Amino acid sequence: MEQKTLPRLSSNALKLIALVCMTADHIGLLLYPHLHILRIIGRVAFPIFAYMIAEGCRYTSNRLRYFIMIFLLGAAMQAFFWITRRSVYQHVLITFSMSIVLIISIQNVKKRGGVWIVLSCLVFLAEAALCLFPEKLLPWRSFAIDYGLCGVLLPVLIYAGRDRTEKLLAAAAGLLALSLSMSSLQWWCLLSLPLLALYSGERGGLRLKYLFYIYYPLHLIVLEGIRLLRR
């Protein structure tokens, strides 16, 4: 009798699942806050994207260029939120930019040591201070890092895993810490672990890299426009 195996999911497949969940989350956040099911579905998105950020840092040929692309896109969205809401709340692309900076610092410690150990410690302390004590460092009351310090560290923990099992265990530990640090709604993020366990380690047949970069700002602009029109 032929043994059945579970289907495997490429990084493209996981990212598409995350896009759908993220869209549901933002529709719930911006348009239908009373529909809690949309926010529950949305909890699956961040862990998948965090895992893919770690994988991107592992396999990209140029981590600095990878950081610049994520950061510039994040900075552009911050400008959009400032124009539309006068908000300085730092959304998830800034969170992931901070994660990539930490990963780059750790890699330089491994390769070069010396002064990079001090620089890496300074980077971590600066990011931790921004996440934990923003009101003491900056004049803006609404300033905060999306998902906080635990969110910044999640891709770093996953990146440190040497194989699929270690990465999944790191993701589980990071998500538990994240859930304990946030509201009870965040516990639903653990539903992402079975999906991550099915990750094949492959990209998938189609080159969808720029779809993911374009979709994030585009869908937020559309939803924000709908929100403003409904006021």
Side-chain angles (χ1 to χ4, degrees), residues 4-58 70 89-96 98-100 103 131 144-204 206 208 211-213 215-216 219-220 223:
K4 293 183 178 180
T5 58
L6 291 173
R8 309 299 294 180
L9 296 173
S10 67
S11 65
N12 281 344
L14 283 169
K15 286 178 182 178
L16 287 172
I17 292 170
L19 282 187
V20 172
C21 294
M22 176 185 69
T23 304
D25 184 43
H26 291 158
I27 289 173
L29 177 66
L30 296 173
L31 303 179
Y32 301 104
H34 58 286
L35 295 180
H36 297 296
I37 185 63
L38 295 176
R39 304 305 312 283
I40 289 172
I41 292 170
R43 296 311 94 209
V44 174
F46 177 75
I48 293 176
F49 283 129
Y51 198 104
M52 291 302 121
I53 286 290
E55 290 290 274
C57 286
R58 183 175 297 279
I70 299 293
Y89 184 88
Q90 306 298 295
H91 63 89
V92 72
L93 290 181
I94 301 301
T95 304
F96 286 148
M98 295 170 71
S99 303
I100 297 170
I103 290 172
C131 290
I145 304 297
D146 203 13
Y147 290 97
L149 183 60
C150 289
V152 172
L153 292 178
L154 182 59
V156 182
L157 291 173
I158 296 168
Y159 179 83
R162 292 170 294 182
D163 54 34
R164 182 183 301 168
T165 300
E166 287 190 5
K167 292 176 186 177
L168 195 61
L169 289 173
L175 291 177
L176 285 172
L178 181 66
S179 300
L180 287 169
S181 69
M182 297 183 69
S183 67
S184 58
L185 184 67
Q186 194 58 43
W187 286 97
W188 293 100
C189 72
L190 297 174
L191 292 176
S192 64
L193 291 174
L195 293 171
L196 293 173
L198 297 176
Y199 176 46
S200 66
E202 299 175 352
R203 184 186 66 191
L206 300 176
L208 301 177
L211 167 66
F212 302 120
Y213 290 136
Y215 183 85
Y216 181 79
H219 93 283
L220 281 177
L223 292 177

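Along the sequence shown, residues carry numbers from 1. Everything numeric in this text was worked out from a predicted model, so none of it was measured.
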J.: Should Tyr199 and Arg164 be marked as a side chain to side chain contact (heavy atoms under 4.5 Å, CB included) after you check the CA-CA gap, both sets of side-chain angles, and the distance that decides it?
T.: CA-CA 9 Å; Tyr199 176 46; Arg164 182 183 301 168; 5.8 Å; no
J.: Begin with the C-alpha distance, continue with both residues' side-chain angles, and end with the deciding distance and a verdict on side chain to side chain contact (heavy atoms under 4.5 Å, CB included) for Leu154 and Phe46.
T.: CA-CA 10 Å; Leu154 182 59; Phe46 177 75; 3.7 Å; yes
J.: Going from CG on Leu193 to CD1 on Ile48, what distance comes out if it is rounded to the nearest 0.5 angstrom?
T.: 10.0 Å
J.: Less than 4.5 Å apart, side chain to side chain, heavy atoms only: is that true for Met22 and Tyr216?
T.: yes
J.: What distance separates Asp146 CG from Thr95 OG1, expressed to the nearest 0.5 Å?
T.: 5.0 Å
J.: So, taking the atom named CG in Leu180 and the one named CG in Leu175, what distance separates them when rounded to the nearest 0.5 Å?
T.: 11.0 Å
J.: Side chains of Leu14 and Phe49: closer than 4.5 Å at any heavy-atom pair?
T.: no
J.: Take Ile70 and Tyr213, measure what side chain to side chain contact (heavy atoms under 4.5 Å, CB included) needs, and give me the verdict at the end.
T.: CA-CA 8 Å; Ile70 299 293; Tyr213 290 136; 3.6 Å; yes
J.: Which pair of non-hydrogen atoms, one from Val152 and one from Cys131, has the smallest distance, and what is that distance?
T.: CG2-SG, 4.0 Å
J.: Which atom names give the shortest non-hydrogen contact between Asp25 and Gly42, and what distance separates them?
T.: CB-CA, 3.3 Å
J.: Run the ring-centre check on Phe96 versus Tyr147 and record whether the distance is less than 6.0 Å.
T.: no
J.: Closest approach of Ile158 and Ala54, non-hydrogen atoms and distance?
T.: CG2-CB, 3.7 Å
J.: Nearest heavy-atom pair of Pro155 and Ile103: which atoms, and what distance?
T.: O-CD1, 4.1 Å
J.: To the nearest 0.5 Å, what is the distance between CG (Leu30) and CG (Leu220)?
T.: 7.0 Å
J.: Is any side-chain heavy atom of Leu9 closer than 4.5 Å to one of Ile17?
T.: yes
J.: Would you compute the distance between atom CG of Leu178 and atom CG of Leu149 and round it to the nearest 0.5 angstrom?
T.: 10.5 Å
J.: For side-chain hydrogen bond (donor to acceptor under 3.5 Å, both in side chains), just list the numbers for Tyr159 and Ser99, CA-CA rounded to whole Å, side-chain angles, deciding distance to a tenth of an Å, and then say yes or no.
T.: CA-CA 10 Å; Tyr159 179 83; Ser99 303; over 6 Å; no
J.: Restricting to non-hydrogen atoms, name the atom on Asp163 and the atom on Glu166 that form the minimum distance, rounded to 0.1 Å.
T.: OD1-N, 2.8 Å
J.: Are any of the side-chain heavy atoms of Arg43 and Met182 separated by less than 4.5 Å?
T.: no
J.: Rounded to the nearest 0.5 Å, how far apart are CG of Leu16 and OG of Ser11?
T.: 9.5 Å
J.: As a quick check of understanding, evaluate side chain to side chain contact (heavy atoms under 4.5 Å, CB included) for Leu176 and Trp187, giving each step before the final call.
T.: CA-CA 8 Å; Leu176 285 172; Trp187 286 97; 3.6 Å; yes
